[in-house]
Amino acid sequence: GEAPVQINVDVPEEFLLEGGPAAMARRLKLYAALRMFQSGELSAGGASQLADVDRFTFAAECKRHEIPLIDYPADELREEVESIRRAS
């Protein structure tokens with residue numbers, strides 16, 4: 001794919017997580033992806049890509065945040081699980 005675009009976000013120091021800026025960036029990407037998926041702006045696949053996690057992890061995060069996975073095709077999820085199993 002194309003090279004990612006760098007976006008700088010100013011975060012007050014008191015809001016930084018234990019892992020520092022890298023952990024904060026991961027959390028912000030995940031939360032943005034969850035919200036954009038929930039609002040229909042992104043597909044589950046697109047949101048997974050934005051959050052930089054596999055779809056299985058994204059599905060688990062949706063469940064944790066009580067976001068229904070209505071548009072998540074079962075065969076896509078099965079493929080994802082199989083590819084994770086093969087990799088481990």
Side-chain angles (χ1 to χ4, degrees):
E2 297 174 28
V5 175
Q6 185 113 35
I7 298 174
N8 294 316
V9 180
D10 293 326
V11 177
E13 212 168 305
E14 69 263 26
F15 295 112
L16 276 185
L17 304 170
E18 264 183 46
M24 190 69 180
R26 281 193 302 275
R27 178 83 57 96
L28 289 173
K29 280 170 49 169
L30 174 64
Y31 286 172
L34 286 167
R35 184 67 193 111
M36 290 170 84
F37 170 68
Q38 189 177 33
S39 68
E41 292 172 81
L42 286 177
S43 67
S48 303
Q49 229 177 327
L50 176 61
D52 199 22
V53 296
D54 61 59
R55 292 193 199 192
F56 194 68
T57 301
F58 186 73
E61 286 294 335
C62 283
K63 186 174 173 155
R64 202 162 76 89
H65 292 277
E66 297 177 0
I67 297 170
L69 279 167
I70 295 160
D71 89 329
Y72 217 126
D75 55 334
E76 275 186 36
L77 190 54
R78 262 195 302 278
E79 279 174 35
E80 199 68 32
V81 172
E82 284 309 311
S83 68
I84 292 165
R85 284 196 183 127
R86 282 193 299 272
S88 46

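Computation of the quantities below employed the complete heavy-atom set of this structure, encompassing side-chain atoms and omitting hydrogens, waters and symmetry-equivalent molecules. Counting begins at 1 with the first residue of the sequence.
The distance from atom CG of Asp52 to atom CZ of Arg26, rounded to the nearest 0.5 Å, is 9.5 Å. Taking CZ of Phe15 as the reference point, atom CG of Leu28 lies at 12.0 Å (rounded to 0.5 Å).
Smallest separation of non-hydrogen atoms from Phe58 and Ala47: CZ-CB, 3.4 Å. Closest approach of Leu30 to Ala51, counting heavy atoms only: CA-CB, 3.9 Å.
Counting only distance, with no hydrogens or angles, the side chain of Thr57 and the backbone of Val53 share no donor-acceptor pair below 3.5 Å.
A search for side-chain hydrogen bond (donor to acceptor under 3.5 Å, both in side chains) contacts involving Arg64 returns Glu61, not counting sequence neighbours.
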Only pairs under 3.5 Å count here: list side-chain donor-acceptor contacts from residues 3-14, not counting sequence neighbours, and write none if there are none.
none

Check: residues 34-42 side-chain donor-acceptor pairs under 3.5 Å, at least two apart:
unit_1, atom_1, unit_2, atom_2, d
Arg35, NH1, Gln38, OE1, 3.1
Ser39, OG, Arg35, O, 3.2
Ser39, OG, Met36, O, 3.2
Ser39, OG, Glu41, OE2, 2.8

